[in-house]
Number of protein chains: 2
Amino acid sequence: MTMNWSARRLIATEVRLPEGVASSGTSGQILRAGLARFAEVGFYGASIRDIAAIAGVNSATLYAHYPSKEHILAALILHGHVELHRRLQEALVRAGVEPADQLAAVVRAHVSIHTDFPMLAVVTNTELHALSPELGLPAVTLREQSRQLLLQVLMNGAERGAFAIPDTVLTATAISAIGMRVATWFGPEVPYTADEIADTYVELALRIVGARVETPSTPATE
Amino acid sequence: MTMNWSARRLIATEVRLPEGVASSGTSGQILRAGLARFAEVGFYGASIRDIAAIAGVNSATLYAHYPSKEHILAALILHGHVELHRRLQEALVRAGVEPADQLAAVVRAHVSIHTDFPMLAVVTNTELHALSPELGLPAVTLREQSRQLLLQVLMNGAERGAFAIPDTVLTATAISAIGMRVATWFGPEVPYTADEIADTYVELALRIVGARVETPSTPATE
DNA sequence: GTCTATAGATGGATAGAC
DNA sequence: GTCTATCCATCTATAGAC
């Protein structure tokens, strides 16, 4: 049923989840099968029989592990948001106090999670709408926190005179969009390594904010 | 059935199509109803009965105007791609020969179509995978042409020394991502006008390519 | 062109044996 | 936990009257 043409939702083929996430046993198989199908055809396009077949079990077996199809999606989307927020925070903590270093670290983490887990990122970024408010709330909360983290970096850099940003929110949205989009086109056939992409998009982000990275000898005119 | 919470696929509520596109009669009503539903819940999440109810007709009536649900989506996606390509070309023709002017015009056109038709843009950008290769081919072809148009502007600017770009393809992808994302968050409640967004993202694009817009008195060092 | 009615297939989810 | 079998709702699409 998989279509092999050039307008797919993603290019990546590896079904991969962050470490420590339900990797063993039937639960893990179901989770990975759901990941593959939700990424390929979305929540409504994936049937529980599809997912069960890929997981190698009967469709009824799914309900011994998850109470509904929606709960499989909710688990995936929560994992995706947790991993993103964890990486962003870790990057920020390690970056020190220089605004340009902070932005570089956060953008690198953001881009890297989309090259490390493109399939999970597609599901996380595009299928949240299919969850009920109750099941989606934890992810929505984490998403907002991640957004605030980037906004804080930009606002701090602007206040300290390290960045010259026309508008903080629009700038954060733009930088975020660049990273998110990576998940849809990154894959094994792409002629760029994950590091090359991260390096390039860190550079573009620094340009976007007008960071004065190469002129430490020229102090800001206040 | 519409969920009223903050994780929707788009914020825009106005059901709008470009001028001259099947606006009158039952065909137009069906097309607009499909647009609304496909944008909200995607192709697989939208049922024929949903669409028919919104269009104000019986579900069987749809088949007097379109041979299948997929053909409704194909019509929408083609309209979206045609309008984008038309605007990009018009912008480029009017922009003259200066690379920075060309990029500004193309980015403005790209962002503007996403603020003018956010609902159509969401469908156009995210539902192409649901079409069979035959029905999707015209849109795929137009998408590639639009992509080449932006790449040409970037390559020309780089060759003439007006831009300093780390990588043309990655840069085009980034600029494109910023504009595409606008369709998901732009709406009546957003505290920015369409012009403000276009102005800001033109500025960010010029920064991304390192355009020397403010220093005409300082010729490039070759 | 639009309707009522329905065919035929598939959907999510459950019952109950093992 | 996993299976077979099945319920029942919903799906796309069609038949045929008007």
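In the text below, chain A, chain B and the rest are named by the order of the sequence lines, each starting its count at 1.
At a cut-off of 3.5 Å, with distance as the only test, a side-chain donor of T126(B) or R9(B) sits close to an acceptor on the other residue.
Rounded to a whole Å, the CD1 atom of I48(B) is 19 Å from the P atom of dG8(C). The separation between Q29(B) atom CD and dT2(C) atom P is 11 Å, rounded to whole Å. Rounded to whole Å, atom P of dC11(D) lies 10 Å from atom CZ of R37(B). Spacing between atom CZ of R49(A) and atom C1' of dT6(D) amounts to 10 Å, rounded to whole angstrom units.
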Next item on the list: Would you sort out whether H129(A) and R8(B) count as a side chain to side chain donor-acceptor pair (under 3.5 Å), showing the intermediate values?
Entry: CA-CA 5 Å; H129(A) 72 280; R8(B) 294 207 310 279; over 6 Å; no
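Interface residues of residues 61-74 of chain B facing DNA chain D, ordered by number: Y63(B), S68(B), K69(B); criterion, heavy-atom separation under 4.0 Å.
Considering only side-chain atoms of A60(B), the nucleotide from dG12(C), dT2(D), dT14(D) that sits closest is dT14(D).
Using a 4.0 Å heavy-atom cutoff across all strands shown, A55(B) reaches no nucleic acid atom at all. Within the 4.0 angstrom heavy-atom criterion, only backbone atoms of the sugar-phosphate kind lie near A46(B); the bases stay farther away.
Using a 30° and 60° split on the angle between ring planes, F38(A) and F43(A) fall in the tilted class, from 30° to 60°.
At distances below 3.5 Å, at least one donor-acceptor pair connects side-chain atoms of T200(B) with backbone N or O atoms of E196(B).
Ranked by how close their nearest DNA chain D nucleotide is to the 5' end, S27(A) and S47(B) are led by S27(A). Nearest-nucleotide positions on DNA chain C place D50(A) closer to the 5' end than the other of D50(A) and N58(A).
Aromatic rings from H85(B) and H81(B) are positioned such that their centres are separated by 6.0 Å or more.
Residues in residues 145-156 of chain B take part in these salt bridge (Lys or Arg N to Asp or Glu O under 4.0 Å) pairs, two or more places apart or across chains: E144(B)-R147(B).
Of the side-chain N and O atoms in S59(B), none sit less than 4.0 angstrom from OP1 or OP2 of dA13(D).
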